[in-house]
Amino acid sequence: MENVVTTNAPLRREITVVVKDKTGFHTRTAALFAKQAAAFECAVRVLGPNGKEANGKSMLGLMSLGVKSNVPIVIAAEGADADEAAASLGKLVESHFGAAS
Amino acid sequence: MKTLIGIAASPGTAVGPVFFLERRVPIVDKRIAADSAREWRRVREALAQVSDSLRTLMEDCERRGNQSAVPIIASNAQFLADPEIQAAIRALIDHQQANAEWAVQRGFESVIDLLAGQEDEYLRARGKDLAELARRVLEALDDRSDRPADVPRSPSVVVADSLSFCDLAALDETLLQGICLAQGNSNDHALILARSTGIPAVIGLGDGVFSISAGEIVRVDGTHGLIHFDRDRNALLRVKEPAPPETAGRRAAASDPWAPAVTLDGVPVQVMANISSLRTARAAFAAGADGVGLLRTEYLFAGSPQVPSEEDQARAYQEICGVFRGKAVTIRLFDAGSDKPVFGLVSPHEQNPALGLRGIRLGLAEPERLLKPQIRALIQAGRTSKLRILLPMVCAASEITAFKNIFAECAQEMSRSSPPAEERIPIGIMIEVPSAAVMADLLAPEADFFSIGTNDLTQYLYAVDRTNSSLANLPGSEEGALLRLIQQVIDATHDHGKIVGLCGEWGQNPDNLALLVGLGIDEVSVNPFFVGAAKTVIGALRCEEMKTLARTAVGRSDLREIRELIRRRLAPA
């Protein structure tokens, strides 16, 4: 994970990761991300290219960001478990969404 | 007996009783609902009900071994729990005091609009899934529609306006004999599933399908895009198909499938196969194909994140040539465009991808990344295998010259390290752009062979998008212009002593095959499952007779009458 920036101490955590999956945020990748984000209590926002922003727990929201392959996104988690959420979601994206390959 | 013409969406033939699949589209009125809490509770209950029904459907699919359906249904179920969708619905209830029905309809519409604005065609298409989910939620909200949708209890042909993926997955495949749709698009998930499970389907039939009465028997011909219906089952069973693939398959299996196809008066025609993988190569060889008329290399490496290396390509080509044991394998260069992107090559967004940077144009625009590795792999594979190179989307001679220069450059570089192949690799072009077809006599000296690609040629010639169901009955379907152009291309090629083949769905129809034999085609390339049938049809023809018929047909704008004549000749006595 690059650019680990901590703002506002433990409650807010922002990381930047690059979506390397060849289709970007499509049905499968958005579904996996939203499902994992929903497991945390904190709010998760995802900032895509062109300044668009979406609820990270919404598969539809993620799909509507228009994130293509090799595009950086910002994952912003805010709440009690923000640290864990950001780390876990960052890992998910970097692991190519747990692709078997 | 009545007949309707539609679009062939899944090959095969079936005869069975009609079953109308009702898809109620609830009518939604806006009411002021003072009790917002109650309306929101109704929405949540309806969402849960649809979610439960999708879960049951997934379990059913798993039990029936229909694994491919499960992830698609699962992603639909996840949409129901989506916080953005729920928030959109809830806002309408809380702020506008909308009733549950209206809030669901407008809420889903607003999120469908989010996807409709996407560049990506795949994402835009997901809007259809959402519209179908909204319909199901509205159905669940309708107290009067407690009963589950009717499904056939005995083997039937399902007739509907359109068919969603979930509709299809809910049906017992063993009872589903065929599908007839008034609308539909052959790229719909439901029809892709029908093709993979071998259920014959005809789409784009229009409202005529609703003139079928309950109790009538329907004959679905998913190979030719026709349906017939009548009360008398025997009348339908008597409908003669010139050479149904089933019987031909049996015949071919019984005798030697590799025996060459020769007309009754001794004219040979090569029957080759269109393939896209090692698996289809094996199927084609087993079916008796005389070689490969079209290997779609962009599918062979589908899903590869970058351009496959020279070594990987050479190995894959050699493997496929090995299956055909010395019979010619025609390898088409990567045929991609902005609507069919490959290997992570990012093409600029195009307003009209069908007329954009695609086929050989893309190869010539990206010689280092795309074209040269493929050429070198082909030269390498050509040292040990008999292959031919086919250029897609050629529209002028200058493109052939440009390709040949790059090819010569690669060959020269490679000859320094190892000796060149003894035989020169033939280089041919697809005739699928009308400009190339019109100038065939001037292109023939530049190419070793031609392959007429009727799918694109038809689309470009008539300016008709074949996947657009509202265009299915345009005059273009009478095909007179296509036949005349094919004749000109064949004649021009033969004047220059070159060979000409035809790949594309048009050649997979027995009447068309007969016309092509009459016009003097050297090769036809068809899907592996049609190889046996094509050989049977050719073996039953008299070339001289077909020549006369084809000459008459070329003077017609409408081929229906000629087809009728051919069918009578082909019908078993």
Side-chain angles (χ1 to χ4, degrees), chain A residues 18-72 76-79 85 89 92 94-101, chain B residues 54 68 70-91 107-131 133-134 165 189 301-307 338 341-349:
Chain A
V18 176
V19 178
K20 296 210 184 80
D21 187 274
K22 66 176 190 301
T23 47
F25 265 138
H26 260 218
T27 316
R28 185 185 76 89
T29 48
L32 286 169
F33 190 101
K35 212 174 214 171
Q36 190 153 327
F40 294 94
E41 267 180 41
C42 62
V44 178
R45 311 286 308 167
V46 175
L47 279 71
N50 342 316
K52 278 193 198 165
E53 193 181 324
N55 180 348
K57 300 183 181 185
S58 165
M59 171 181 169
L60 178 88
L62 293 168
M63 285 166 73
S64 68
L65 284 178
V67 172
K68 292 182 180 159
S69 190
N70 282 322
V71 163
E78 198 168 346
L89 292 168
L92 175 72
E94 295 210 317
S95 71
H96 293 231
F97 299 88
S101 59
Chain B
L54 290 179
S68 55
V70 174
I72 300 176
I73 304 170
S75 66
N76 275 317
Q78 202 174 340
F79 272 134
L80 289 174
D82 196 287
E84 293 291 297
I85 297 179
Q86 296 199 359
I89 297 171
R90 181 137 202 201
F108 269 95
E109 276 170 11
S110 69
V111 295
I112 290 167
D113 287 347
L114 265 181
L115 292 180
Q118 295 294 317
E119 256 180 46
D120 187 312
E121 195 187 342
Y122 174 84
L123 287 178
R124 283 201 306 268
R126 299 284 68 73
K128 242 189 207 174
D129 297 351
L130 286 170
L133 281 174
F165 186 78
H189 276 316
F301 300 100
S304 171
Q306 65 258 319
V307 179
S338 65
V342 289
F343 317 138
L345 291 177
V346 182
S347 329
H349 173 69

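Quick note on labels: first sequence line is chain A, next is B, and so on, each numbered from 1.
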Legend entry - Part of A:Lys68 within contact of chain B (heavy atom distance under 4.5 Å): side chain
Inset, instruction - Report yes if the side chains of B:Ile72 and A:Thr27 come closer than 4.5 Å at any heavy-atom pair, otherwise no. - result: no
Inset, instruction - Could you tell me whether A:Glu41 atom CD has more than 12 heavy atoms of other residues or ligands within 6.0 Å of it? - result: no
Inset, instruction - Mind checking the CG-CE spacing from B:Asp82 to A:Met63? Nearest 0.5 Å is all I need. - result: 9.5 Å
Legend entry - Distance-minimising heavy-atom pair for A:Ser58 and B:Glu84: OG-CG, 2.9 Å
Legend entry - Whether B:Gln78 side chain and A:Ala31 backbone form a donor-acceptor pair below 3.5 Å: yes
